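Since this is a predicted model, take the numbers as computed values, not measurements. Letters A, B, ... mirror the listed sequences (proteins, then strands); counts begin at 1.
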Amino acid sequence: MRLATWNVNSIRSRADRVEAWLQRSDVDVLALQETKCKAEQFPTERFEALGYEVAHVGHSQWNGVALLSRVGLTDVEVGFPGMPWWAKDDAEPVAEARAIGATCGGVRVWSLYVPNGRSLTDPHLDYKLAWLEALRVSAAGWLTEDAEAQVALVGDWNIAPQDDDVWDMAVFANSTHVSPPERAAFAAMVEAGFADVVRPHTPGPGVYTYWDYTQLRFPRREGMRIDFVLGSPALARRVSDARIDREERKGKGASDHAPVVIELAD
DNA sequence: ATGGTTGCACAGCAA
């Protein structure tokens with residue numbers, strides 16, 4: 001089975017590219033982040049025509065996560081248990097569209113769009129850390145229930161866990177994505193039993209999944225590794241290969257993130 | 001070319 005994750009930065013503006021990429025890459029399951037649309041705006045029929053079942057959650061022009069699968073898609077769950085809600089000023093808290101889970105080909109797949117902390121002093125950073133901690137508690141519980149559970153936590157984590165995961169640490173001296181609490185949150189996921197199954201097959205330095213649209217970051221090879229597939233022990237044992245499709249970042253109309261693909265042995 | 005990108009409520013915010 002082939003599984004991929006991709007922050008597409010708007011599914012409506014990227015539908016042609018996603019369709020072409022699906023046909024070229026032949027993946028069985030694709031997790032999408034930043035669909036940036038509401039339910040009725042998602043191009044469900046296009047992907048169904050290619051043989052995929054679709055689950056999506058999106059409430060507005062922000063966030064939005066989806067799963068496409070041609071190996072079954074059951075027990076869809078929007079948001080993980082205990083997922084924090086975002087409370088803007090005095091407004092009512094809302095559950096943002098940042099997590100959707102389903103069972104696809106025997107794997108419990110979660111498409112995740114971890115909140116962007118924005119800056120080290122922004123309330124969004126506290127939200128991000130609380131969100132990650134709640135995810136860790138839930139995910140650790142799944143392994144307590146079943147140590148052999150096949151779980152894939154995939155998506156845009158908005159964390160660069162190692163110095164090699166950004167092109168120049170000096171640029172990020174006072175930035176999110178590399179701060180100790182964010183890295184600790186990522187390490188806690190790993191400690192809970194969820195391994196980065198892509199890095200062993202795509203060692204750095206200089207290996208990234210995201211390049212800012214500005215400042216010619218992509219041609220200058222100035223990127224960040226922030227999109228990850230974290231696998232439970234039973235899933236990690238099945239990973240036979242992984243790649244980051246840097247080619248897909250090229251050309252007009254590319255997302256600022258590249259797809260990340262893993263191969264699972266039967 | 002004194003800016004430099006893209007996407008979405010097409011205006012200013014988010015990434």
Subject >> P atoms of dA9(B) and dG3(B), separation to the nearest Å >> reply: 29 Å
Original post:
How far does the P atom of dT2(B) sit from the matching atom of dG7(B), given to the nearest Å?
Top reply: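 My reading of the P atoms in dT2(B) and dG7(B) gives 23 Å.
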For [range], which residue pairs qualify under salt bridge (Lys or Arg N to Asp or Glu O under 4.0 Å), counting only residues two or more places apart or in two chains?
{"range": "residues 103-115 of chain A", "value": "E77(A)-R108(A)"}
{"range": "residues 135-156 of chain A", "value": "E133(A)-R136(A), E148(A)-R237(A)"}
{"range": "residues 251-266 of chain A", "value": "R2(A)-E263(A)"}

Original post:
How would you list, by chain and number, every residue that makes a ring-ring contact (aromatic ring centres under 6.0 Å, His included) with W62(A), sequence neighbours excluded?
Top reply: none
Subject >> ring-ring contact (aromatic ring centres under 6.0 Å, His included) partners of W85(A), counting only residues at least two apart >> reply: none
Between side-chain atoms of residues 226-234 of chain A and protein atoms elsewhere (two or more places apart, or another chain), which donor-acceptor pairs fall under 3.5 Å?
from, atom 1, to, atom 2, distance (Å)
D227(A), OD1, T209(A), OG1, 2.6
D227(A), OD1, H257(A), ND1, 2.9
D227(A), OD2, H257(A), ND1, 3.3
S232(A), OG, A149(A), O, 2.6
S232(A), OG, V151(A), N, 3.0

Subject >> Closest-nucleotide ordering on DNA chain B, the 5'-leading residue of Q41(A) and D156(A) >> reply: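 That would be Q41(A).
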Original post:
How would you list, by chain and number, every residue that makes a side chain to side chain donor-acceptor pair (under 3.5 Å) with Q215(A), sequence neighbours excluded?
Top reply: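 Q215(A): no side chain to side chain donor-acceptor pair (under 3.5 Å) contacts found.
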Original post:
Under the side chain to side chain donor-acceptor pair (under 3.5 Å) test, which residues partner T202(A), sequence neighbours left out?
Top reply: R225(A)
**OP:** With a 4.0 angstrom cut-off to heavy atoms of chain A, pull out the first and last contacting nucleotide of DNA chain B, in 5'-to-3' order.
**Re:**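 Nucleotide range with atoms under 4.0 Å of chain A: dT5(B) to dA15(B).
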Subject >> Pair R98(A) + E96(A): basic N to acidic O under 4.0 Å >> reply: yes
**OP:** List in numerical order all residues of residues 206-229 of chain A for which some heavy atom is under 4.0 Å away from an atom belonging to DNA chain B.
**Re:** Y213(A), T214(A)
Subject >> Contacting residues from residues 12-21 of chain A, given that a heavy atom lies under 4.0 angstrom of DNA chain B >> reply: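 Listed by number, they are R12(A), S13(A), R14(A).
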Identify each donor-acceptor pair in which a side-chain atom of residues 166-181 of chain A lies under 3.5 Å from a protein atom, sequence neighbours left out, and give them as a table.
from, atom 1, to, atom 2, distance (Å)
D168(A), OD1, A170(A), N, 3.0
H177(A), NE2, N158(A), OD1, 3.0
S179(A), OG, E182(A), OE1, 2.5

